[in-house]
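Heads up: the structure comes next, in structure tokens.
To find a chain, count down the sequence lines: A is the first, B the second, and so on, and within it residues start at 1. What's counted below: heavy atoms across the whole structure, side chains too, no hydrogens, waters or symmetry copies.
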Amino acid sequence: MTSKSSIPKGTRDFGPEVMARRNYILDTIKQVFRLFGYQPIETPAMENLSTLLGKYGEEGDKLLFRILNSGDFLQNVDLSSVNGVSDLLPHITEKGLRYDLTVPFARFVVQNRNELPFPFRRYQIQPVWRADRPQKGRYREFYQCDADVVGSDSLLNEAELVQMVDMVFSRLGIKVVVKINNRKILAGLAAAIGQPERLTDITMAIDKLDKIGIEKVNEELAERGLPEQAIQALQPVLFTKGDAYAKLESLKKIIGHIEEGTKGIEEMTILLKYLANSKLSLQLEFDLTLARGLNYYTGAIFEVKALDAAIGSICGGGRYDNLTGVFGMPGMSGVGISFGADRIYDVMNELELFPATSADTTHVLFLNFGPDEEQYCLPKVSQLRQLGVNTEIYPSAEKLKKQMRYADQKNIPLVVMAGESEMAGNSFTLKDMKQGGQQTLPSASLAKAIHELLQAK
RNA sequence: GUGGCUGUAGCUCAGCUGGUUAGAGCAUCAGAUUGUGGUUCUGAGGGUCGUGGGUUCGAGUCCCAUUAGCCACCCCA
């Protein structure tokens, strides 16, 4: 019995079959990103805490994984003057694992501003970490696939992001609804009901409308300290009916007198117009209750949900006007989206949407009959590899049954056998594991036969 | 940070109101088959029943604590 080993809560190992499927998702996303002119970058897994802290709200700060300083990290700490953990932390940790890809990207842009072509379009596919309590569809380590463009405030970017969402999910075969809204409209609403300061409280509460219902939302608004009349003033908005344009018309009546709200309505109108010309196959919904948690969003916001699976959002994003400002570079607007690869995987798994194509594996296995036969096979093995055929030779002369089983388990389609009789005839026996048939061929025509069989598959 | 559920073989689980040696399927290994896998048949190995304490003549089963995992809330991809 070996000692019990395990991995940290909320993290996972990925075996070869799972990796094949994960790569299928990531490759699809990458292809679409490139198709729209986005270029890849990577940033370190860890950032200085000064980069991370304060960007995700109070809750986000709590969910940051902090990295203990190396060495004798207590050396210069005066423990008697420290009062509690929160007081001690800044003295013993100065780095943390990244929480998302957007903030590190903003840091990257500011640091490299002189080298980058603007508007700069980048994509980034890397893991992020959150010290959450894991549950269904929620992990402590997961991949985000981000595409952002900074240095352009054109709404064409927003429209293209929605097109990318459309393309990714139609290629993957997932039916989705894209919900869109605009933070400026929400800000206008907050102002219209006389509570411009309470934007975050309002949005966080109404974001849950379809989940907990209007009564609970109102309760929560009250708990968050909103006066009754403000809550009442909000009610008609929450139930604005009709298509997107009808909603915009109703909104004009409510927030038309507020400058920011009007701006939001204008932006939404333009975006809808772009999208009307984009031949989308996905379902688009202007959802006034969509708020999204991250508080750096300032314009359009998106969220994508799978229609046939209950797993929360699988993609989200929005515009942030001043993210680089906190790193000393004001006036740079950006907009981006993030695909949650792990949740997309879970959805596709649940709905059985993965194509049958199995893991990339060996095409041909040479069975091992002994020392002389090994030598006889080696040149042929090399030749096949040169020709681009994934080839293995079994490393030891085990019983054939065992070697065949290995080929079977790895789903290797072709097996080559060469024993005494083949060596005598300068030939090889090629077996098709699927069909079960086999034929003995002259050495010179083996490669061709293999090539033809693989083509046929 | 708050609440609920569950820990039995490598995995998925059964195990009745406490009763003698704790079972099944899958997986693993060996054999049937010394140059032929995926099917079949036969056999084998593998467990301090999460951990610690308690009740009892007797605990996988009941009670308490602890720990780990899952689910929900908060928040989020």
_Residue-phosphate contact under 4.0 Å: A/K208 side-chain N/O, B/C75 OP1/OP2_ = yes
_Given B/C75, B/G3, B/G31, the nucleotide with the shortest approach to the side chain of A/D132_ = B/C75
*Is any side-chain nitrogen or oxygen of A/Q135 closer than 4.0 Å to OP1 or OP2 of B/A72?*
yes
*Does B/A77 have A/F339 stacked on its base, where the ring centres are within less than 5.5 Å and the planes differ by under 30°?*
no
*Reckon A/Q409 has a side-chain N or O less than 4.0 Å from the OP1 or OP2 of B/U28?*
yes
*OP1 or OP2 of B/G37 less than 4.0 angstrom from a side-chain nitrogen or oxygen of A/K434, does that happen here?*
no
*Is the gap between the ring centers of A/F339 and A/F169 under 6.0 Å?*
yes
_Parallel, tilted or perpendicular: ring planes of A/Y406 versus A/Y394, cut at 30 and 60 degrees_ = perpendicular
*Taking OP1 and OP2 of B/U28, is either one under 4.0 Å from a side-chain nitrogen or oxygen of A/R405?*
yes
_Is it the case that B/U36 (base atoms only) and A/K431 (side chain only) share a donor and an acceptor within less than 3.5 Å, ignoring hydrogens and angles?_
yes
*asked:* Check the phosphate of B/A72 against A/K136, side-chain N and O only, distance under 4.0 Å to OP1 or OP2. Yes or no?
replied: no
*Side chain of A/E59 - closest among B/U2, B/G37, B/C75*: B/C75
*When the nearest nucleotide of RNA chain B is assigned to A/V304 and to A/T429 on a heavy-atom basis, which residue is associated with the more 5' position?*
A/T429
